[in-house]
Amino acid sequence: MKFSMLAIAATALAAGVEGFSAVPTRSFGVRQASSLKMAAATETDKMAALATAANEARGLAMDSIAAAHSGHMGLPLGCAEIGSILYGSQMQYNPKDTQWINRDRFILSAGHGSMFLYSWLNLAGFDLPMEEVKNFRQHHSMTPGHPEFPNSEHNTPGIECTTGPLGAGVSNAVGFAVSEKMAAARYNTDEHTIFDHHIYALAGDGCFQEGVSAEAAQFAAHEKLDNLIVLYDSNEVTLDKMAEYTQSEDIIKRYEAYGWETYEIDGHDLAVVEETIAAAKASNNGKPKFIKCNTIIGKGMEETEGTNAAHGEAGVPYVDKARASIGLPEEKWFVSEGTRDFFKGVQEKNTKTYDEWQATYAAWKEANPALATELENAVADVTPSAEEMLASIPEMGDAAEATRVSGFKVIQEIAKQVPQYISGSADLHGSTRNYINDGGNFGAGFDKTYAGKNLYFGIREHGMGCILNGIAYHGIFKASGSTFAVFVDYMRPTIRVASLAELNRVSYILTHDSIGVGEDGPTHQPVETVSGLRVIPNLDVYRPADAEETVAAYVSSVTRKEGPTALILSRQNLNQNTDMPAAERRAGAMKGAYVAKKESADLDLIIIATGSEVQHALEAAKDLPGARVVSMPCVEAYERQSDEYKESVLPSSCTKRIAMEAGVTAPWYKYASKVVGVDRFGFSAPGDIVMKELGMSAENLSAEIASMN
């Protein structure tokens, strides 16, 4: 629906929102009239300053894209007024403390419009120098083609989220909103409010055409995340064609049906944009907010505005004319003294809010020292060391057990030692076994609260992946999510971005890891999946062979600092390697590979195996005194070890090597000259029969070894 000015004003007046002139309660005397005139003049000056800033932001975007001969001009020009209101009026932030935990978060879901973000960060006073704005899309610049969350490659202040794949950012924003609600529930007290910020996301048609945004939007509405405000840059344009060529839905009705509060406005009317955002912030009604901002893509460049040509850099030849038409001087990358002064005033206002919050935090910390320590450890990502955690988790026992069951036992210990650890599932808690006992359930209604540690994502793997990443970006909680391994391809794009962004606060629990799934048949039996994950850079993939290796895998996932971890767990029972002490198996698994059975004669054969196949390797080696068995639960961790350690495990002098895994064989030829694996899809039958028929047995491994002589 269109949100009328009268309704907006009524909402804001009732809440006392800044930016609305409340009806005076005193009689109208000369002094009151004078005050109103002064207020009106001040408001007029503010709007003029915001309009000037919007045009100067347009200029920065045009100049940088023209200099790079690369980039997307349409959104920065079309959404300039939205940026002006967000950074110049409505958002709570402190550019001198970009890690302030109660800052509002802004996610540019339409990441191709990155010059929008870089322009506003510079204008708003973040440490993003103009030289870096000029250096847009260049090697080692702070202004890469798409926004990148601070990592080892880029460290641009004010970037909250790596965006680019459309639909991801607006879905990540739901994860941010989850984390804020959870933090408020855990740490706010009746006397002190530590968390009360909002999450903003700016997204375009492409984001809402991608299905993942629908999954996340459904979750957000169902769990009543009213701290989330999504701004839809509705410019009626996509890259190939005008949007009407591929879409005809009423998106307002769609989001109303989900359960969102919706608004439709002119995205170029500064007053309306400000009043609508203020109203959305003030509306704590249990509904996330969806603001459809009708805009003109590439506004200010008449040759391309309103057309799909405005999307990219097609407007570069018209930059000088466009700059002049919106009143900018010939000087490139021009920012007026008036705009700089205006944002100094914005910073002063935000600093006052920040200082008041710091005083509240100090009082809260004094009153709640244990809670404060927990929160500060969570923000700093402090956990017990891997050694401490390994030593504190009880030995798992000798009975055969599925590693998903072992994982259930381990996750209880992890949750006790790492209070910020949370977990969720795409409707598979009963199978993936990652439910945290006594952790409570997150959300609204039923038995759920916002303090709960268990998230129910529904059958929404892609949405789950994006929400997990959003929780990790928010920077307080360590989140894991589960599904069957074969369904991880639904969320693969989110794992890739998590790895690229170096999100160590997220991990993936993927069970039913092979053809051992059995009766469900080939649609549910992964054969290429695990190797497909191993090729993602900076993702650790653990496929443990027994309960003690599972302990190590979980501990590694919560103590690793460089990136995410995927835990690949079995449906079926696996034998324990009881010939080796538990502590040694744990320590070896932490290094990615280790000698699980040492040869008793001169070394003449190395058998490499992982996961459920290690038990077969151990069995096959029993009658081979010169055989060494190497368990390799995590290839990536092994490759990070010293050359000396790697040589001690896989000595180069022994070239007779065979590897075994119930999956595709190709990757294992890096380590072995012969591989026993599964280079075909499986079939429906009991799991032990599928395994035997496809060669995953000690007997077949022994036969293959014999054939090497």
Side-chain angles (χ1 to χ4, degrees), residues 386 389-390 393 396 401-407 409-411 414 480 485 488 507-514 516 526 529-536 539-560 563-597 606-618 628-641 645-646 648-650 657 659-663 667-668 670-672 675 677 696:
M389 295 182 75
L390 290 172
I393 296 174
M396 304 295 287
E401 184 173 81
T403 50
R404 62 179 174 134
V405 175
S406 305
K409 297 173 182 176
V410 179
I411 204 171
I414 297 291
S480 62
V488 74
S507 57
Y508 312 96
I509 299 167
L510 309 172
T511 69
H512 297 59
D513 68 336
S514 72
T529 305
V530 179
S531 290
L533 290 171
R534 289 188 182 121
V535 299
I536 298 176
L539 174 68
D540 273 9
V541 180
Y542 263 95
R543 186 169 179 250
D546 64 10
E548 302 302 346
E549 287 193 8
T550 304
V551 172
Y554 267 92
V555 168
S556 179
S557 75
V558 295
T559 57
R560 185 179 181 225
T565 302
L567 305 174
I568 314 297
L569 307 177
S570 73
R571 177 196 184 193
Q572 74 277 19
N573 286 347
L574 308 183
N575 295 329
Q576 310 297 325
N577 182 11
T578 55
D579 290 337
M580 189 173 193
E584 292 182 21
R585 280 178 277 162
R586 293 180 183 187
M590 289 292 293
K591 293 182 177 180
Y594 65 99
V595 179
K597 178 186 178 299
I606 298 176
I607 307 171
I608 306 167
T610 184
S612 54
E613 287 63 68
V614 171
Q615 59 188 349
H616 302 317
L618 292 168
R628 170 182 296 190
V629 175
V630 171
S631 176
M632 191 176 284
C634 184
V635 173
E636 301 77 20
Y638 170 73
E639 289 294 347
R640 290 195 297 270
Q641 303 306 311
Y645 179 79
K646 287 188 282 188
S648 73
V649 175
L650 294 176
R657 302 178 186 179
M660 185 182 201
E661 183 175 40
W668 290 104
K670 177 178 181 178
Y671 302 105
V675 182
M696 293 299 105

remark   = In this structure, CE of Met389 is separated from OG1 of Thr559 (nearest 0.5 Å) by 7.0 Å
remark   = Of all heavy-atom pairs linking Ala593 and Tyr638, the shortest is CB-CD1, 3.5 Å
ask   = Can you name the side-chain contact (heavy atoms from CB on, under 4.5 Å) partners of Gln641, sequence neighbours left out?
value = Lys591, Tyr645, Lys646
task = Rounded to the nearest 0.5 Å, what's the gap from CZ on Arg586 to CD on Glu548? Could you check?
result = 4.5 Å
task = Quick one: do Val488 and Tyr508 satisfy side chain to side chain contact (heavy atoms under 4.5 Å, CB included)? Show the steps, please.
result = CA-CA 9 Å; Val488 74; Tyr508 312 96; 5.8 Å; no
note = Applying salt bridge (Lys or Arg N to Asp or Glu O under 4.0 Å) to Glu584 and not counting sequence neighbours gives none
task = Please round to the nearest 0.5 Å and tell me the distance separating atom OG of Ser507 and atom OH of Tyr542.
result = 12.5 Å
Scan the side chains in residues 563-573 for donor-acceptor partners under 3.5 Å anywhere in the protein, sequence neighbours excluded, and list what turns up.
unit_1: Ser570; atom_1: OG; unit_2: Thr403; atom_2: N; d: 3.1
unit_1: Ser570; atom_1: OG; unit_2: Thr403; atom_2: OG1; d: 3.2
unit_1: Ser570; atom_1: OG; unit_2: Gln572; atom_2: O; d: 2.8
unit_1: Arg571; atom_1: NH1; unit_2: Val517; atom_2: O; d: 2.3
unit_1: Asn573; atom_1: OD1; unit_2: Ala402; atom_2: N; d: 3.1

note = Nearest heavy-atom approach of Glu401 to Ser406 is OE1-OG, 2.7 Å
task = Could you grab the distance from atom CD1 of Ile509 to atom OG of Ser557, nearest 0.5 Å is fine?
result = 7.5 Å
request  = Identify the two heavy atoms, one from Ser631 and one from Val614, that lie closest to each other, and give their separation to 0.1 Å.
outcome  = OG-CG2, 3.7 Å
ask   = Looking at side-chain heavy atoms only, is the closest gap between Thr610 and Val635 below 4.5 Å?
value = no
Qualifying residues under side-chain contact (heavy atoms from CB on, under 4.5 Å), relative to Arg657, sequence neighbours excluded = Ile606, Leu650, Ala672
task = Output all residues satisfying ring pair (Phe, Tyr, Trp, His ring centres under 6.0 Å) with His616, sequence neighbours left out; order by chain, then residue number.
result = none
task = For Tyr594, enumerate each residue passing the side chain to side chain donor-acceptor pair (under 3.5 Å) test, keeping only those at least two apart in sequence or located in another chain.
result = Glu549
message = For a 4.5 angstrom cut-off between non-hydrogen side-chain atoms, does Gln576 reach Met396?
response = no
inquiry  = The test is side chain to side chain contact (heavy atoms under 4.5 Å, CB included); show your working for Ile536 and Val541 and say whether it passes.
reply    = CA-CA 9 Å; Ile536 298 176; Val541 180; over 6 Å; no
ask   = Excluding sequence neighbours, so at least two apart, what forms salt bridge (Lys or Arg N to Asp or Glu O under 4.0 Å) with Glu636?
value = none
note = Sequence neighbours excluded, the answer for side chain to side chain donor-acceptor pair (under 3.5 Å) partners of Gln615 is Asn575
Residue list, salt bridge (Lys or Arg N to Asp or Glu O under 4.0 Å) with Arg640, at least two apart or on another chain = Asp540
key: Closest approach of Pro544 to Pro633 (non-hydrogen atoms, all atoms of both residues)   = CA-CB, 4.2 Å
query = Can you name the side chain to side chain donor-acceptor pair (under 3.5 Å) partners of Glu661, sequence neighbours left out?
reply = Arg534, Arg543, Trp668
ask   = Short question: side chain of Ser556, backbone of Met590 - any donor-acceptor pair under 3.5 Å?
value = no
key: By side chain to side chain donor-acceptor pair (under 3.5 Å) - contacts of Arg404 (at least two apart)   = none
message = Quick check for you: to the nearest 0.5 Å, what is the distance between Asp513 atom CG and Ser612 atom OG?
response = 5.5 Å
request  = Applying side chain to side chain donor-acceptor pair (under 3.5 Å) between Arg585 and each of Asn577, Asp546, Thr550, report the one that passes.
outcome  = Asp546
inquiry  = If I compare all heavy atoms of Ala617 with all of Ile607, which pair ends up nearest, and what's the gap?
reply    = CB-CG2, 3.6 Å
